[in-house]
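One structure is given below, encoded as structure tokens.
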2 protein chains.
Amino acid sequence: MTPQPRTLDHPDRSEIRLEDVLHALSDPVRLQVVCFLAAGGESSCSAIDLAVSKSTTTHHFRVLREAGVIRQVYRGTAKMSSLRHEDLDALFPGLLDTVVTAYDAQRARLS
Amino acid sequence: MTPQPRTLDHPDRSEIRLEDVLHALSDPVRLQVVCFLAAGGESSCSAIDLAVSKSTTTHHFRVLREAGVIRQVYRGTAKMSSLRHEDLDALFPGLLDTVVTAYDAQRARLS
DNA sequence: GCCATACTACGACAGCTATCGTACAAGGGT
DNA sequence: ACCCTTGTACGATAGCTGTCGTAGTATGGC
């Protein structure tokens, strides 16, 4: 009987650290998630087809959230995720777009 | 009796991966190194005052080199390091400048 | 009330990482 | 030849990371 059991901790904008964001972005699975969200806006965790188990997916989303890269809210049984584009751009102008563009380009280059 | 004992392995431009670069940049010590090199050009390993031991410094420079972020050459007893700005810009346009600017801004913000 | 869907929690585990100290090697100057 | 400076190699260690499976919780529909 927890009063608000479905609330998720997000770092405040002022608590977001570049090194944590870069670390969160340094994994191929998480880069794929970020690129997906950049292209498609808000999505549920299961909307992205990742090559890892559900537990691992949960783990990667948590890493992204705790680094301040994404925001997650519960909507029914689903958990919707979206990029914190505005916060990231205010702190690190251009970083997110640069990384997304670079990863898309790398995938195109390697395919 | 190694013929060329003082040669260092660098990844070819085509072998550089975004996730490895981001991982290399996700450590405060290495970010400090990269910002220093971005501001000052080529430097020896010992020209930067880092808060870690010499062994650890060697480790961090190797991580940066193996990810393709810096190039290192021996010059006498010194080992000079410089950013692979051209390679990185060709692969991931704007990334390096964005990260350097962001880290400098973060340090200013937190000081 | 019951079940399906969507996600989480926990424990496990192999592998990597940052850190250090000590001992060593290469090059340059005297 | 000797030493100083500069950086490397190696081993150790504590902690983090990515991965999984299994078991569990919350929500919504029937």
Side-chain angles (χ1 to χ4, degrees), chain A residues 1-10 17-34 36-37 42-67 69-82, chain B residues 1-10 17-34 36-37 42-67 69-82:
Chain A
M1 189 285 226
T2 40
Q4 52 260 48
R6 313 219 89 195
T7 314
L8 294 158
D9 265 2
H10 291 80
R17 295 289 168 271
L18 177 63
E19 50 271 34
D20 297 334
V21 170
L22 293 175
H23 173 251
L25 296 175
S26 70
D27 180 279
V29 175
R30 293 194 291 263
L31 275 174
Q32 195 183 333
V33 169
V34 167
F36 185 91
L37 294 178
E42 194 181 63
S43 318
S44 72
C45 291
S46 57
I48 315 177
D49 195 38
L50 299 172
V52 294
S53 73
K54 272 204 299 184
S55 337
T56 305
T57 301
T58 298
H59 161 70
H60 285 305
F61 273 90
R62 182 170 49 228
V63 171
L64 287 170
R65 173 170 49 80
E66 290 179 349
V69 177
I70 65 173
R71 196 173 288 284
Q72 295 187 290
V73 293
Y74 284 103
R75 180 127 68 233
T77 72
K79 187 161 147 193
M80 305 303 288
S81 299
S82 52
Chain B
M1 191 282 226
T2 40
Q4 54 260 48
R6 312 222 89 196
T7 314
L8 294 157
D9 266 1
H10 292 79
R17 294 291 169 269
L18 177 62
E19 50 270 36
D20 296 336
V21 170
L22 292 175
H23 174 251
L25 295 175
S26 70
D27 179 279
V29 174
R30 293 194 290 262
L31 275 174
Q32 196 183 331
V33 169
V34 168
F36 185 91
L37 294 178
E42 194 181 63
S43 317
S44 72
C45 291
S46 58
I48 315 177
D49 195 37
L50 299 173
V52 293
S53 73
K54 271 203 302 183
S55 336
T56 305
T57 300
T58 298
H59 161 70
H60 285 304
F61 273 89
R62 182 171 48 228
V63 171
L64 286 170
R65 172 169 50 79
E66 290 178 349
V69 177
I70 65 173
R71 197 173 287 283
Q72 296 187 290
V73 292
Y74 284 103
R75 181 124 71 230
T77 71
K79 187 161 146 192
M80 306 304 288
S81 298
S82 52

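By convention in this document, chain letters (A, B, ...) are assigned in the order of the sequence lines, proteins followed by strands, and residues within each chain are numbered from 1. In what follows, every heavy atom counts, from backbone to side chain, and hydrogens, waters and symmetry copies are set aside.
- Of the candidates D:dG18, C:dA18, D:dC20, C:dA18 carries the atom nearest the B:D27 side chain, counting heavy atoms from C-beta on.
- Considering only heavy atoms from C-beta on, B:L31 comes within 4.5 Å of A:L22 through its side chain.
- In this structure, B:S46 reaches the sugar-phosphate backbone alone: every heavy-atom distance under 4.0 Å involves primed, P, OP1 or OP2 atoms, never a base.
- In this model, the phosphate group of D:dT17 is not approached by any side-chain N or O of B:H23 to a distance below 4.0 Å at OP1 or OP2.
- Here CZ of A:R65 is found 7.0 Å from CG of A:D9. Values are rounded to the nearest 0.5 Å.
- Here D:dT5 presents its P atom at 10 Å from NZ of B:K54, a figure rounded to the nearest Å.
- Atom CG of A:L64 sits about 7.0 Å away from atom CG of A:L25, to the nearest 0.5 Å.
- A sub-4.0 Å separation between OP1 or OP2 of D:dT17 and a side-chain N or O of A:H60 is absent.
- Taking atom CZ of B:F61 as the reference point, atom P of C:dT17 lies 18 Å away to the nearest angstrom.
- Atom-to-atom, CD of A:E19 to P of D:dC16 comes out at 16 Å; the value is rounded to the nearest Å.
- One atom, CD of A:E66, and another, P of D:dT17, lie 10 Å apart when rounded to the nearest Å.
- Across all strands, B:R30 comes closer than 4.0 Å only to sugar-phosphate atoms, never to a base (heavy-atom distances).
- Side chains of B:R75 and B:E42 form a contact here, defined as non-hydrogen atoms less than 4.5 Å apart.
- Rounding to whole angstrom units, CZ of residue A:R75 and C1' of D:dA26 are separated by 16 Å.
- For A:Y74, counting side-chain heavy atoms from C-beta on, the closest listed nucleotide (D:dT19, C:dA18, C:dC7) is C:dC7.
- Whole-Å rounding puts the B:L25 CG to C:dA18 C1' distance at 17 Å.
- Here the P atom of nucleotide C:dC7 and the CG atom of A:L64 are 15 Å apart, to the nearest Å.
- Side-chain proximity of B:T77 to the nucleotides D:dT5, D:dC20, C:dA9 is greatest for D:dT5.
- The shortest non-hydrogen separation linking B:V21 to B:A67 is CG2-O, 3.6 Å.
- Between A:R62 atom CZ and C:dA9 atom P there is a gap of 6 Å when expressed in whole angstrom units.
- Looking at the side chain of B:H59, the nearest of the listed nucleotides D:dT19, C:dG21, C:dA18 is C:dA18.
- Heavy-atom nearest nucleotides on DNA chain D were determined for A:S55 and for B:S44, and the one closer to the 5' end corresponds to B:S44.
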